Amino acid sequence: MDYITSILKENRVFYPSHEFSRKSHIKNIQEYSKIYKKSIENPEAFWAEKALQLDWFKKWDIVFRNDYGFFKWFEGGYLNVCHNCLDRNIKSGKKDKIAFIWEPESGESKSYTYEQLLKEVCKFANVLKKKGVKRGHVVEIYLPMIPELPIAMLACARIGAIHSVVFAGFSYDALKDRIQDSKAELLITADGSFRNGKIYQLKDNADAALKECPAIKNVIVAKRANNKVSMANRRDYWWHELVNEKGISDVCEPESMHSEESLFILYTSGTTGKPKGILHTQAGYLLFAYQTFKWIFDIKDNDIYFCTADIGWITGHSYIVYGSLSNAATIVMYEGSPTYPNPDRFWRIVEKHKVTIFYTAPTAIRALAKEGGDWPNKSNISSLRLLGTVGEPINPEAWMWYYNVIGKNKCPIVDTWWQTETGGILISPLPGATPLKPSSATKPFFGIIADVLREDGSKANVNEGGYLVIKNPWPGMLRTVWNDPERYKHTYFEKFGVYLTGDSAKIDQDGYFWIMGRIDDVIKVAGHRIGSAEVESSLVSNEAVAEAAVVPFPHEIKGQAIYAFVVLKRGIKKSEELKEELKRHVAQHIGPIAKPDKIQFADDLPKTRSGKIMRRILKVIAEGSTDYGNIMTLADPSVVDVLAKDRVK
Ligand code: PRX
């Protein structure tokens, strides 16, 4: 792959300026190494010391315990995550500090101070209570990037309910599956959302999903788009009416939550089957999000931090809501598309709000770089002091553009590697300390022992690619897969007995990590995590399709895109219209992000004699290569040539 050959040749190094290092939390690589050594020699002492910065209703009895492969942190301790994000900051004098600046696509921004946010959260928490939501109940949230989204999450955290946020770009099947699996009884949604100046019919999607989710008894609808929607009698209620009802107070005492009670579920794709509900709990998750945000984003009181992720993904959970609020940061949240009305929307936002820290995904960087260097120059982006990237490998060309054109050669870039499961960043530079190599996520965070292993579990050599693993537990890690503890053990720990990330990586002579991408059947489309199995089952649910196999292929902007091999049912005619219809089908059922870019009709797929589809070979075909490896184990090796001949270019 081009990307891998180019990173193997990458040997440039960029150092933080003296000025930046002097003012940062961790000031040089020696300081990093010293703290790192201590943190892995005694992680419990390291994390216990950091945990004292949080507000506890009752201090913990024991820092860490391994309960037969299920890890527990700060047992016996009680706190409230919402209290730590809001009340704790207000108590320390930040009541009038801006917590969120909300930038809607239309541009009329609105801000909330910490005190205002707390009042909104409390009112909504009281609404939830009135609707019968209790500690330990699951609340499903299907909202666009509007203030009601973090307010709803924080309200759940305040009363001890477990939120399960579904990305608003997902469609009804994806929403239905998540509601059914989480067993929620209340759904929060909106009457629409804006993207590229168009209204998306969120409520229609919700209604379609709810037809198969009878357990949902209440739906709360935020008014965003003034869109005409149908409201089911005695099930659907308007958010603004409920919070303004008489008797809804703007005070709500936070529940005292045990460290290991559930905080949220977030569904993510795996190798097989339906998405799994990743469970995060209270204290460990909060502490990890708090500490990583503080040091990796080197947060200072006067920073304005803008993260372009959607809160519907883990990046938004940890670094728009919990990690950033617990640090009393001022956070810009943007509702719309990066190119609306023009490809300089992000830079306009940076200028408008004097953003100092900017965190985005490589796909956005590549897409905006492609628009040319002129767009960023139209705005004054000189307030920027630190840049970040997440979600997929960043190629050196994109990294250099980000560094030169956006960072003006003065802003360090933190290439942060992590996952939904890890809760927070595990491998990343510390901006004032770590010399940067373009495309390398550099070194593990404190308390994290990362390594690269071979298939047989032995340690890979320097610069040898292999399985990226994490060898020790950390406070922010997932606790289990919702309703499926066996899947948790099997997916993450069975292969090597230590946490298996699903990524391949190599470590260079300086101990720098180079992440090469997923090693399993997960595809990263524009940084979004899609399981090939989900797209395949969506395709097969179309009546024309007998069988489907989905693989990634390299894409200039999105990093990877989806290539689908489809076997039609007997008698169905192959046509370009049918390909378009199948793409639409996937977009309608799962969401536009899962739509295959290319579909190839096939009469047969490469299978082993036991009938297993060899995706490895399909991937080589989709990439346009002929490096198939051994194909003699196939039931019919001649299939390969036929498929390669018909490849969609
Ligand atoms: O493949 C890695 C990639 O994103 C995967 C995790 O996806 P998700 O759970 O959706 O979380 C994304 C946001 C944290 C990883 O297994 N990934 C994430 N960050 C990077 C990355 N790949 C390379 N470099 C990164 N910085």
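Keep in mind it's a predicted model, so treat the numbers as computed, not measured. In each ligand, atom 1 is the first atom listed, and ligand 1 is the first ligand listed.
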Exercise for the section: Would you please indicate yes or no on a ring centroid separation below 6.0 angstrom for W417 and F445? Expected result: no
Handout entry: Salt bridge E140-K183, side-chain N to carboxylate O under 4.0 Å
Key = no
Handout entry: K274 NZ: over 12 foreign heavy atoms closer than 6.0 Å
Key = no
Practice task
For residues W474 and Y499, establish whether the separation of their ring centroids is below 6.0 Å.
Solution key: yes
Handout entry: Close side-chain approach of I141 and L149, heavy atoms under 4.5 Å
Key = yes
Completion exercise
Expected contact list for ligand 1 at under 4.0 angstrom, heavy-atom basis, is I314, T315, V390, G391, E392, P393, D415, T416, W417, W418, Q419, T420, D503, I515, R518, K524, R529
Handout entry: Short side-chain donor-acceptor distance under 3.5 Å, S326 and N84
Key = no
